[in-house]
Amino acid sequence: MNQEKKIAVYPGSFDPVTLGHMDIIKRSAVLFDTVIVAVLSNSAKTALFSSSDRVNMIQELVRDYPNVIVESFEGLLVDYARSKNARIIIRGLRAVSDFEYELQIAQTNRVENPQLDTLFLTTSLNYSYISSTIVREFASYGGDISPFVPEEIIPLIEAKYQH
Ligand code: PNS
């Protein structure tokens, strides 16, 4: 029997992490020996939170999940996954509108690294409309973001928009 540890990478911007992301992380933690939540550190992209802030936030939220690791990564996802001996990339699918883009990335990544498969988890229905972009938009106008993000990070998001 193959005793190799099943390592999966769940990559994303997580700016900020949402309840939809947390749902995918928790479900993935049941499926794999190790789940690496990989936070994209992209200096060219203007982010609300620095990658280290995003990593710290998610680390705090997954502290009860011993097989979940949170790191930031730079460069190509395929290279990062290879460096971690991961064979699976996890992505959440909210709606059909996500599918075309996700399929293109998954297929490109598989050409780049044929060892790598992308596994799509359908977002739970109650979170299927949530995106980090919507969270930032609501927060910027002082809207209630409690239905969208873990309560622990609400003050951190709101602080970003207080002048
Ligand atoms: O949460 P997001 O913004 O939808 O995540 C996108 C992410 C981080 C998965 C994607 O941008 C990515 O893998 N970036 C790393 C660079 C890379 O490998 N690009 C090739 C595939 S687009």
Side-chain angles (χ1 to χ4, degrees), residues 6-29 31-32 34-62 65 68-140 145 147-150 152-154 156-157 160:
K6 297 278 180 282
I7 303 169
V9 171
Y10 178 39
S13 302
F14 305 108
D15 188 37
V17 69
T18 66
L19 289 173
H21 294 133
M22 292 307 299
D23 173 55
I24 298 285
I25 293 170
K26 289 171 187 177
R27 285 159 58 200
S28 304
L31 297 172
F32 296 96
T34 303
V35 174
I36 306 173
V37 180
V39 176
L40 180 67
S41 172
N42 182 353
S43 53
K45 206 172 154 186
T46 48
L48 182 62
F49 289 100
S50 69
S51 57
S52 63
D53 281 351
R54 285 178 269 154
V55 167
N56 291 340
M57 266 185 254
I58 303 170
Q59 256 165 359
E60 191 56 31
L61 293 166
V62 300
Y65 293 79
V68 179
I69 294 166
V70 190
E71 287 188 351
S72 65
F73 80 103
E74 283 180 305
L76 285 176
L77 179 58
V78 285
D79 294 336
Y80 175 76
R82 194 183 279 118
S83 76
K84 296 290 163 184
N85 291 323
R87 298 279 298 273
I88 300 282
I89 301 289
I90 297 163
R91 292 287 285 170
L93 274 186
R94 288 168 300 191
V96 176
S97 50
D98 282 342
F99 181 74
E100 208 168 328
Y101 173 68
E102 293 294 339
L103 180 68
Q104 188 182 19
I105 296 184
Q107 289 179 329
T108 310
N109 284 343
R110 232 178 106 68
V111 170
E112 291 283 325
N113 180 356
Q115 301 283 306
L116 204 54
D117 267 306
T118 301
L119 183 77
F120 294 107
L121 293 185
T122 52
T123 305
S124 297
L125 265 185
N126 40 336
Y127 303 129
S128 61
Y129 62 93
I130 301 176
S131 72
S132 298
T133 309
I134 296 279
V135 171
R136 293 196 301 271
E137 176 82 359
F138 261 78
S140 72
I145 54 170
F148 316 135
V149 296
E152 295 90 329
I153 68 167
I154 293 174
L156 302 173
I157 299 168
K160 288 282 179 188

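Both counts, for ligands and for their atoms, begin at 1 and track the order of listing. In this text the structure is predicted, and so the values were computed from the model without any measurement.
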If you count the atoms of ligand 1 from 1 in the order shown, which ones are under 4.0 Å from a heavy atom of L77? 13 (O), 17 (C), 18 (O)
Give the minimum heavy-atom separation between R136 and D15, together with the two atoms involved. NH1-O, 2.6 Å
Could you check whether any side-chain heavy atom of K6 comes within less than 4.5 Å of a side-chain heavy atom of I88, counting everything from C-beta outward? no
Residues at least two apart in sequence or cross-chain that pass side chain to side chain contact (heavy atoms under 4.5 Å, CB included) with F138, listed by chain then number, are I134, I145, F148
Residues two or more places apart in sequence or in another chain: which of them pass side chain to side chain donor-acceptor pair (under 3.5 Å) with Y80? E71
Does at least one non-hydrogen atom of I105 fall below 4.0 angstrom from an atom of ligand 1? yes
Find all atoms of ligand 1 within a distance of less than 4.0 Å from any non-hydrogen atom belonging to G75, and give their numbers and elements. 15 (C), 16 (C)
Backbone or side chain, does any N or O of Y101 fall under 3.5 Å from an N or O of ligand 1? no
Under 3.5 Å, N or O to N or O, is N109 touching ligand 1 that way? no
Under-4.0 Å salt bridge between R87 and D117: no
